[in-house]
Amino acid sequence: MTHPKGLSGLEWELMQHIWRLSGEITVRRVLQEAYPNGEKAYTTVQTVMNNLEAKGYLRKEKIGLVNFYKPARPRRETVQTETRNFVKKVFGGSFMSLANYLIGSENLTQEEINDLKKLLEERSRS
């Protein structure tokens with residue numbers, strides 16, 4: 001299932017914490033995990049989690065007065081979908097264009113270039 005609206009920066013931030021948590025995931029638990037020093041308000045986290053549910057990234061079950069959440073899809077699947085959407089939107093669907101951009105951006109260190117070569121060699125052997 002593809003999601004027409006991708007994840008915002010804050011939604012990604014919360015989902016990273018949600019994917020790491022197990023058991024009963026509540027707004028309060030996510031708030032304590034993601035913002036232990038009170039950087040965000042409870043209502044902000046609650047609103048974002050409700051938006052994530054509306055977008056199909058979370059499932060919600062109400063037990064008594066408390067909403068319990070769980071990811072609707074694994075992190076890996078979401079990353080793949082979001083990456084494909086990004087490459088489609090920015091690079092016309094061409095992963096080669098993305099690779100050319102990244103390699104040509106001059107942001108890679110020599111160590112990263114060597115690691116990239118190793119990855120490509122391993123990939124070509126399999």
Side-chain angles (χ1 to χ4, degrees):
M1 168 162 123
T2 59
H3 299 283
K5 294 186 178 185
L7 292 169
S8 71
L10 182 54
E11 289 170 339
W12 265 109
E13 191 174 303
L14 289 182
M15 284 303 300
Q16 298 289 25
H17 291 283
I18 291 166
W19 280 310
R20 280 195 296 268
L21 294 171
S22 60
E24 299 178 343
I25 301 173
T26 62
V27 172
R28 182 146 326 274
R29 186 156 175 234
V30 173
L31 178 67
Q32 290 169 343
E33 166 79 15
Y35 309 107
N37 300 315
E39 301 91 334
K40 297 275 190 255
Y42 179 93
T43 53
T44 300
V45 174
Q46 181 179 43
T47 298
V48 173
M49 289 177 68
N50 286 334
N51 290 344
L52 286 165
E53 186 214 1
K55 287 181 171 184
Y57 290 97
L58 291 178
R59 290 193 185 109
K60 177 172 69 175
E61 179 182 0
K62 189 171 186 113
I63 301 174
L65 299 174
V66 180
N67 289 320
F68 294 92
Y69 297 83
K70 63 181 176 182
R73 311 188 301 164
R75 182 185 184 282
R76 179 183 176 102
E77 184 180 319
T78 303
V79 169
Q80 287 174 339
T81 300
E82 292 292 308
T83 302
R84 271 194 304 273
N85 289 342
F86 171 77
V87 171
K88 184 177 181 180
K89 180 171 45 175
V90 177
F91 295 98
S94 170
F95 280 86
M96 181 58 81
S97 293
L98 169 62
N100 282 330
Y101 172 78
L102 292 173
I103 291 168
S105 70
E106 299 178 11
N107 291 327
L108 293 175
T109 65
Q110 187 58 50
E111 183 179 351
E112 290 171 325
I113 291 169
N114 293 340
D115 289 345
L116 186 56
K117 286 178 183 177
K118 287 178 193 170
L119 283 172
L120 289 171
E121 288 170 9
E122 289 171 11
R123 179 68 185 241
S124 67
R125 282 189 236 127
S126 58

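The residues of the chain are indexed from 1 along the displayed sequence. Only a predicted model underlies this, so the values are computations on that prediction, with no experimental measurement involved.
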Exercise. Does one side chain, of N50 or Q46, offer a donor that lies under 3.5 Å from an acceptor on the other?
Worked result: no

Distance check, rounded to the nearest 0.5 Å: [X] atom [atom1] versus [Y] atom [atom2]?
X	Y	atom1	atom2	answer
K60	T26	NZ	OG1	13.0 Å
L52	T47	CG	OG1	11.0 Å
Y57	M15	OH	CE	8.5 Å
Q32	R29	CD	CZ	9.0 Å
L31	E39	CG	CD	9.0 Å
Y69	E61	OH	CD	12.0 Å

Nearest heavy-atom pair of [X] and [Y]: which atoms, and what distance?
X	Y	answer
M49	L14	CG-CD1, 4.4 Å
N107	E112	O-OE1, 3.7 Å
G56	A72	O-CB, 3.2 Å
E121	S124	O-OG, 2.9 Å

Exercise. Which residue pairs pass the ring pair (Phe, Tyr, Trp, His ring centres under 6.0 Å) test with at least one member in residues 104-126, sequence neighbours excluded?
Worked result: none

For this session: Kindly state each residue pair satisfying ring pair (Phe, Tyr, Trp, His ring centres under 6.0 Å) with at least one member in residues 104-126, sequence neighbours excluded.
Result: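 Every pair satisfying ring pair (Phe, Tyr, Trp, His ring centres under 6.0 Å) with a residue in residues 104-126: there are none.
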
Is there side-chain contact between [X] and [Y], with heavy atoms separated by less than 4.5 Å?
X	Y	result
Q80	T83	no
E33	I18	no
L7	T78	yes
I103	L116	yes
I25	V30	yes
F91	N100	no

Exercise. Y35 and side-chain hydrogen bond (donor to acceptor under 3.5 Å, both in side chains): which partner among K40, E13, H17?
Worked result: E13

Hydrophobic clusters here meaning ILVMFWY residues chained together by side-chain heavy-atom distances under 4.5 Å, can you tell me if [X] and [Y] are in one?
X	Y	result
L58	W12	yes
L10	F86	no
Y42	L21	yes
F68	W19	no

Would one find more than 12 heavy atoms of other residues, nucleotides or ligands at under 6.0 Å from atom [atom1] of [X]?
X	atom1	value
E111	CD	no
Q16	CD	yes
R20	CZ	yes
Y101	OH	no
K62	NZ	yes

